[in-house]
Each structure stands twice: as structure tokens, then as C-alpha cells.
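Here's the structure, in C-alpha cells; my notes come after.
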Amino acid sequence: MAEELFSQRTTTCGALNKDDNNKKVVLNGWVHRDRNHGSLHFINLRDRYGITQVVVDDDASPELQGTANELRMEFCIAVTGIVRLRPDSMVNADMATGEIEVKAEKIEILSRCAPLPFQLDDGLETREDLRLKYRYLDLRSQGMQKRLKLRHDFIFSIRKYLSGKDFYEIETPTLIKSTPEGARDFVVPSRLYPGKFYALPQSPQLFKQILMVGGFDKYFQIARCYRDEDARGDRQLEFTQLDLEMSFVKRDDVLSLMEDMFGHVFKEVMDVDLPVRFRRLTYADSMNTYGCDKPDLRFDLPLSDMNELAQKSSFKTFKDIVSAGGYVKALCAPKTEGVEFSRKFITELEDAAKIYGAKGLAWIKVGAENALSGGVSKFFAGLEEELVSKLEANEGDLILFVAHENWKRCCASLSAVRSKLGKDLKLIRKGFEFCWIIDFPLFEYNETGGHWEAAHHMFSMPQSQYLDTLESDPGSVKGDLYDLVLNGYEVASGSIRIHDVELQKRIFRICNFDDETAEDRFGFLLNAFRYGPPPHGGIAPGIDRMVMIMCEETSIHEVIAFPKNTAGISPMDDSPSFLDQEQLDDLHLTINYPKPKE
RNA sequence: GAGGGCGUAGCGAAGCUGGUUAUCGCGACGGCCUGUCACGCCGUAGAUCGCGGGUUCGAGUCCCGUCGCUCUCGCCA
């Protein structure tokens, strides 16, 4: 231990400026770029804080020259030298440290770097599985450094804000009881109890409710959650949410707390001003106007109900669907500079609609003085004025219709068209458009199972006006449920909870859980509710998704240090992996491998 | 479970209706270079064109199968 291992930094690569002239400094970092002019040698040295130019002059000792010539990309080095001003004409205005450079007196190679498997900072051009395999290199890129810093700032700001509002951060277990509803559980076998399993939490839902019964009336947690379902760009097997719950609150208390919190956090982290109150849309209005329950409000392009006009038209396809209880909806794509409403363009929109179940996409072009042409225009003869005024269409616009027996399919299909138009017609405004979706239905019918189930989860409070008709008409019951939507993504979901044993049991029964099963699965919650539970409610914003949107990214992988790929594999550590027979024996497990396909 | 896209040197790409020795940039390696900052210049190595089969005189290119990655539907209270 007597000998010094390396010269330890006295400052960082982002800190020096002209005030440090003539100072002797030590920098530690990585070789970011290396420009060797023979007897004059420039090295851009990088660490988390920035980049500083190091110079090896022609008067350097042969030893120093030799070391400098050995340097390669991403070598980890220590540089001892003197800060000096750059000649006026050599100042680099693009660099934070561009006014100075460090004249090297000593360079120590702390470790060498093998030839890189890909170029750093070309991160986004490189295949993602390669970036994930060598994540430690990818993390050095300025993009990843910036995004993970923002993630840290975001979480830190939330912690400060909530702590200032008297919230306690309390951890809940990650080895818990498997509950039957929701997504598939990840499970952990129990060694001590053969055949028994823990489950990893899909969210801390029941525990946070029990914390309310325990008297911690303002709780939050930055909680890891696990759901064993197929991944997507905006979701993966494990993710992080801000889990939050409060006692003695009503819906609007939760909503305004979140508005205030995100207002503070966005200002502090990004210097962005959010509106004091976010727009509120009922679920029904959102579906009818935007075709989905997570509308991107950075552009307008509303959907219109066309059932009445469809009935008046001579288009048999539409009339049949409306007569059969179906729906016809339309939207009007505005004439846009540089965009031709060609057959190809319309076919691409139609393909987008078909993914969500539409059989086709009917269209009409709007000409001068309400003249209609092309597509299904001939079936609307005599209805030109009514159609054009209903959709507020102008000359050069394109009207698009979707008809479907199923309301949700109709909405979703045309919503996909709306989204594509938003991009193709460049209608999307910059910025952050939050909105609340409220008044969700409490139940939806499970066709395959032939019973009702909770649209969100079974612990949400029905709105009081439906308490007498829960059983007789579950389909029309609205709950005290709310989602927060940002730029077309669902970023938070919450509700006021049930805190009454009898009401909770009624919900279980409607969702096909008899009293015995409910007792077996959720007995601990029902038990807790026998001991003076407070009225309570909460919400859970998704951290990954929010940070992704703040970074203007479209994949949460970009804001997670070590993500899994879409197949649930981590290419770096190669998980999941097989267990030794010994481990399996300890856990009392026998693997039942699937038979290979014929 | 289903559909679309991609797979050519370490990385990113080009390669047209099949036709000599498969190009280009970055990177690697060697050399030259006193003011660069994506330094420049000269040179060298590096590719079973994902894998298997087929059609053809001839396949990176066409066909079939398969694997991997990726986007999406289903799924995700």
C-alpha cells in the first residue's frame, strides 16, 4: 500500500477555464479523441463532467512522447500538467473548456482498452443488441450520460418535493403472495416450503393500502415492478414507478397534488413551465373525440360520429353496420403543403387502420364549393354540405371514415389513422401536453371467460351514484379512476380505493371471485379493512416512461441503465439462464421442457 | 400465438431487371506530419454476404425453410 497506485485527480474534465491559468492539475479520464501530429499531440480527455484538451508539446521528454504515442481510444489515463490559455485563434467556442488546455508533464496509462466493438456516441446508429451486450461502453456515450443524469434529477426532485409535503418514503416487500388478477406474475420458488412460491410485485398496490390502514397517511416509494408479459418500446418486464398513496383524500386532491408536483419537477429539472391545471377529459369523451384513452393532444384532428349521416347516405356497407348497432366515425385531414393525398398515401393510412381491426378505410376528397370526389363520394350525393360543415372541411382536405360493429375497434382504428396523420402531416407541436382521463368504466366484460372483470383493478371505488346498480348493470358503472396522459402515452394511473369490506366483497363477486377464493387470495386486505381503515386513494406514475418522453425518446431502454431486449433477454449477462441440478434440487423443482414442434 | 422490417469486414452502409477479383465511410494495424479539435496524408490487413436447401452455365441478388434482432397486433388490472 506504500506505493501510490495512480495520480488522483484534483479536478474534473469539465471544470477548468481561463481563471485556472498556470495551475498544476491532475485529470483522470478516458481518451475521447487522439490527434497525433508527430511531435505535437492533442488528446481530448473525457469524464462524466466534460472534455478537456491535453497537449503533449514537442519539448516533451522522450518518455512522455512514447506514452502519448501508445494511447488509443478509451484508454483510461491520468494526466498531470499545467493549465494554460490557448492562443486566441485556437479557442474552441463549442467546448465548455475551449479557452484552455492542459500541457501534459506526465501521462499514466491506468488501463488499456481493446479495439471497440462499435463507435461510441454513434450509439443510436448501432444495433441495439450490440449496445446492450457492451452496455458499459454504451453508457460512456454522452447521450446515455445525459439521459441517466436527467433520470436522477427527476427522481431526486420528486423525492424532495414529496418529502417537503410530509410524505414518507417506505419500502414494501418484493417477495409477496401471488394474486390472481392482472398480468402474469414472476414467481420465486421457496426452498423451505416445497411447492410454494413467492411472486414479485406487479405493483405495491395492496401493501400501500395497508400502510394507509397502518396510519402512514402520506406514503410514496420509487418502486420496481415486475410483469411477465411481452415487451414493447414503452414497456419491459421490470420497470420503475413512483407509487403514492394518501388517506382522507378525494379524487381532486390526488390530481392537484400531481399537477403541483410535476409543475415543480419540470421547472426544476428542465426549466419547463407546465400549466397550473391539466386538461380533464372523461373516458367517453376521449374515446369519442380521439378514439383512444391516451390521446396525443399536441395536435387536434378530432374524430366525429357519422352514424346519422351514414344512415342518410346510399352507402350500403355503412348503413348495414349502423343498422346492426355498429358505428361510423370520420376525421378530416387538412390540406398540407408538400403532402399529396395519393392512392399510396391513403393505402398506408388504411394499413394503419387495419392493424386495429378495421376492414377498410373509406375516403372522400373535398373540392371547391363543397364538391366531393373519389372514394365513396358518390354515395353522399345531396349530403355534401352537411358532411363538409359537420367536419369543418375545406377545399383540398381528405375525409376518412372507419365503420365497425364494435365501438372500441372503430375508435382504435381511426385513432391509428389520426396518429399517423399527426406524424405525416407534421401536425405535432413541440412540448408537453398533459391531460387527465377520468370517469373510467369500473368493469369490462371478458368474452372468453364469460364474466365481468375490473377494467383497472378490483380495489377502485365505484362512483356513489352506481352503488345500487353494481350487480344489475356492471357495464355502466363508472369508477373514481384516473389516468394521466402525456403526449399520447399513459404515464400514470390511480384511483380512490374501496375501504369497506362489504363493498370490496361485492366487487370480488362481480369479478367472479366467490367469498372463499377472495378470502384465500385477499384475506389479509379484507382483514385489515375490519380495523378502522381510512378513506384513501393514490396514483402511480411510470418513471421510465416519463423520463423517456422528457428525453424525446421512443424506447424506455434509452433511459434504463441495463434494460432487457424485446425477448426479455439481457445480452450482457445472458439472463435468463439455466440452473444447476443442485439448485433445482434445493428448490424441489423438476423442469418440464416443452416438446419440440413437429 | 400472429404480421411487417432488417441481417453484406469490428461498426455503419452501397451492391439496379442474376454476370469478371463484392464497393464506400468509420475503426484496427504500420508510416509521415508543430496548432489540431470528426486533424490531414500514404500504406496494410480484415467478408464462409446470418445458417441450410433449391432454381440456374452462373446467386449477396430469385425461391423454400430456419435462426437472430427489431417494430406492431394479441397480451400488458
Side-chain angles (χ1 to χ4, degrees), chain A residues 32-45 51-60 69 72-74 86-95 97-98 101 103 113-134 137-138 179-185 202-203 205-206 225-237 239 348 351-358 409 412-413 416 419 440 442-444 446 448 452-460 479 481 483 490 493-495 507 511 540 542 554-555 557 565-567 569 571 597:
Chain A
H32 185 67
R33 294 245 149 62
D34 179 24
R35 294 178 296 279
N36 188 348
H37 295 242
S39 55
L40 181 69
H41 199 142
F42 299 98
I43 298 144
N44 281 2
L45 191 66
I51 293 176
T52 296
Q53 173 162 287
V54 173
V55 190
V56 179
D57 268 338
D58 57 342
D59 61 3
N69 285 331
R72 295 291 180 273
M73 299 279 265
E74 298 303 316
R86 296 193 194 188
D88 279 349
S89 58
M90 306 306 162
V91 166
N92 186 341
D94 297 333
M95 275 174 96
T97 61
E101 60 194 8
K103 178 181 158 66
C113 180
L116 297 169
F118 58 90
Q119 259 73 70
L120 268 58
D121 284 326
D122 283 358
L124 298 176
E125 305 294 324
T126 307
R127 302 167 60 123
E128 197 191 22
D129 54 323
L130 200 69
R131 292 175 58 203
L132 294 185
K133 180 170 180 182
Y134 297 96
L137 293 175
D138 191 43
T179 53
E181 32 79 63
R184 243 172 260 125
D185 277 330
Q202 297 179 27
S203 83
Q205 181 63 35
L206 298 180
C225 306
Y226 305 86
R227 292 178 193 175
D228 188 5
E229 299 291 349
D230 288 355
R232 282 286 189 289
D234 63 350
R235 63 175 210 248
Q236 66 155 12
L237 303 178
F239 60 98
E348 284 173 10
D351 291 343
K354 281 179 172 172
I355 292 171
Y356 291 83
R409 295 257 161 228
S413 303
S419 295
F440 277 88
L442 198 61
F443 303 104
E444 57 191 30
N446 180 325
T448 32
W452 290 93
E453 58 188 22
H456 272 62
H457 59 55
M458 295 188 284
F459 314 106
S460 298
L481 290 150
D483 277 4
E490 180 197 316
S493 186
S495 62
I507 301 291
C511 296
T554 54
S555 165
H557 297 178
N565 69 13
T566 49
I569 290 167
K597 275 187 277 185

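First the proteins, then the strands, lettered A, B, ... as listed; each starts at 1.
Between B:U70 and A:Thr566, a contact under 4.0 Å exists linking OP1 or OP2 to a side-chain N or O. Put simply, A:Arg35 has a side-chain N or O that comes within less than 4.0 Å of OP1 or OP2 on B:C39. In this model, the phosphate group of B:U36 is not approached by any side-chain N or O of A:Arg33 to a distance below 4.0 Å at OP1 or OP2.
Residue A:Met95 is the one, among A:Asn565 and A:Met95, whose nearest nucleotide of RNA chain B lies closer to the 5' end (criterion: closest heavy atom). If A:Ala183 and A:His557 are placed on RNA chain B by their nearest nucleotide, the residue sitting closer to the 5' end is A:His557.
Atom name C1', nucleotides B:U72 and B:G65: the rounded distance is 24 Å, in whole Å. Nucleotides B:G19 and B:A59, compared at atom C1', are 10 Å apart to the nearest Å. The C1' atoms of B:C39 and B:C6 are separated by 35 Å, rounded to the nearest whole Å. Comparing B:U8 with B:G15, their P atoms sit 14 Å apart, to the nearest whole Å. B:A9 and B:G46 have their P atoms separated by 15 Å, given to the nearest Å. For the C1' atom pair drawn from B:G74 and B:G68, the interatomic distance equals 23 Å after rounding to whole Å. Using P as the reference atom, B:G50 and B:G12 are 14 Å apart when rounded to the nearest Å. A gap of 14 Å separates the P atoms of B:C26 and B:A38, to the nearest Å.
Panel note: side chain A:Arg235, backbone A:Asp230; a donor-acceptor pair is recorded below 3.5 Å. At distances below 3.5 Å, not a single donor-acceptor pair connects side-chain atoms of A:Ser203 with backbone N or O atoms of A:Cys225. The main-chain N or O of A:Gly98 is found under 3.5 Å from a side-chain atom of A:Arg86 such that the two form a donor-acceptor pair. The main-chain N or O of A:Asn565 is never found under 3.5 Å from a side-chain atom of A:Gln236 such that the two would form a donor-acceptor pair. Formation of a donor-acceptor pair under 3.5 Å by the A:Gln202 side chain with backbone atoms of A:Ala183 is found in this model.
At the heavy-atom level, A:Gly98 lies nowhere under 4.0 Å from the strands shown. Using a 4.0 Å heavy-atom cutoff across all strands shown, A:Asn92 reaches at least one base atom of the nucleic acid. A:Ala455 comes within 4.0 angstrom of the backbone, heavy atoms only, and of no base. No contact: A:Met458 has no heavy atom under 4.0 Å from any strand. Base contact: A:Glu101 has a heavy atom under 4.0 Å from a base atom. In this structure, A:Tyr356 reaches the sugar-phosphate backbone alone: every heavy-atom distance under 4.0 Å involves primed, P, OP1 or OP2 atoms, never a base. Using a 4.0 Å heavy-atom criterion, one finds that A:Ser203 contacts the bases of the nucleic acid, with or without backbone contacts as well. Note on A:Glu128: only backbone sugar-phosphate atoms sit closer than 4.0 angstrom, heavy atoms only; bases stay farther off.
In this model, a side-chain donor or acceptor of A:Arg235 finds a partner on the base of B:C75 within 3.5 Å. Between the side chain of A:Glu229 and the base of B:G74, no donor-acceptor pair of N or O atoms lies under 3.5 Å. With hydrogens and angles ignored, no donor-acceptor pair closer than 3.5 Å exists between the side chain of A:Asp230 and the base of B:C76.
In this structure, B:C51 forms a base pair with B:G65, meeting either the Watson-Crick or the G-U wobble geometry with both donor-acceptor distances under 3.5 Å. In this structure, B:G35 makes no Watson-Crick or G-U wobble pair, since no nucleotide meets both defining distances under 3.5 angstrom. Remark: B:C73 base-pairs with B:G1. Criterion, Watson-Crick or G-U wobble with two distances under 3.5 Å. With a 3.5 Å ceiling on both atom-pair distances, the Watson-Crick or G-U wobble partner of B:G10 is B:C26.
Put simply, CG on A:Asp34 is 13 Å from C1' on B:A38, counting in whole angstrom units. Regarding A:Phe239, its CZ atom lies at a distance of 13 Å from the P atom of B:C76, rounded to whole Å. Separating the CG atom of A:Asp228 from the P atom of B:C75 is a distance of 16 Å, rounded to the nearest angstrom. Residue A:Asp138 contributes atom CG, which lies 12 Å from atom P of B:G12 at whole-angstrom precision. For A:Lys354 and B:U72, the NZ to C1' distance is 16 Å, given to the nearest whole Å. Here B:U36 presents its P atom at 18 Å from NZ of A:Lys103, a figure rounded to the nearest Å. Rounded to whole Å, the distance from CD1 on A:Ile51 to P on B:U36 is 18 Å. As rounded to whole Å, 13 Å separates atom P of B:C33 from atom CG of A:Leu40.
Of all nucleotides listed (B:C37, B:C11, B:C69), B:C37 comes nearest to the side chain of A:Gln53. Which of B:U36, B:G12, B:C69 sits closest to the side chain of A:Ile569 comes down to B:C69. Side-chain proximity of A:Arg232 to the nucleotides B:C73, B:A28, B:G68 is greatest for B:C73. Residue A:Gln119 has its side chain nearest to B:C11 when only B:C69, B:G35, B:C11 are considered.
Across A:Arg409 and A:Tyr356, no two heavy atoms sit closer than the pair NH1-O, 3.2 Å. Between A:Ala358 and A:Ser413, the closest heavy-atom pair is N-OG, 3.3 Å. Taking each heavy atom of A:Lys103 and A:Asp59 in turn, the nearest pair found is NZ-OD1, 2.9 Å. Heavy atoms only, all atoms of each residue included: A:Ile51 and A:Thr97 are closest at O-OG1, 2.6 Å.
Within a 6.0 Å radius of CZ in A:Arg35, more than 12 heavy atoms belonging to other residues, nucleotides or ligands are found. No more than 12 heavy atoms of other residues, nucleotides or ligands sit less than 6.0 Å from atom CG of A:Asp88.
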N/O contacts under 3.5 Å, protein versus nucleotides 29-32 of chain B?
residue : atom : partner : partner atom : Å
B:C29   : OP1  : A:Arg72 : NE           : 3.1
B:C29   : OP2  : A:Arg72 : NE           : 3.1
B:G30   : OP2  : A:Arg72 : NH2          : 3.3

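Under the stacking criterion of a centre-to-centre distance below 5.5 angstrom and an interplanar angle below 30°, A:Phe118 is not stacked against the six-membered ring of B:C11. With centroids closer than 5.5 Å and planes inclined by less than 30 degrees as the test, A:His37 and the base of B:C39 pass as a stacked pair.
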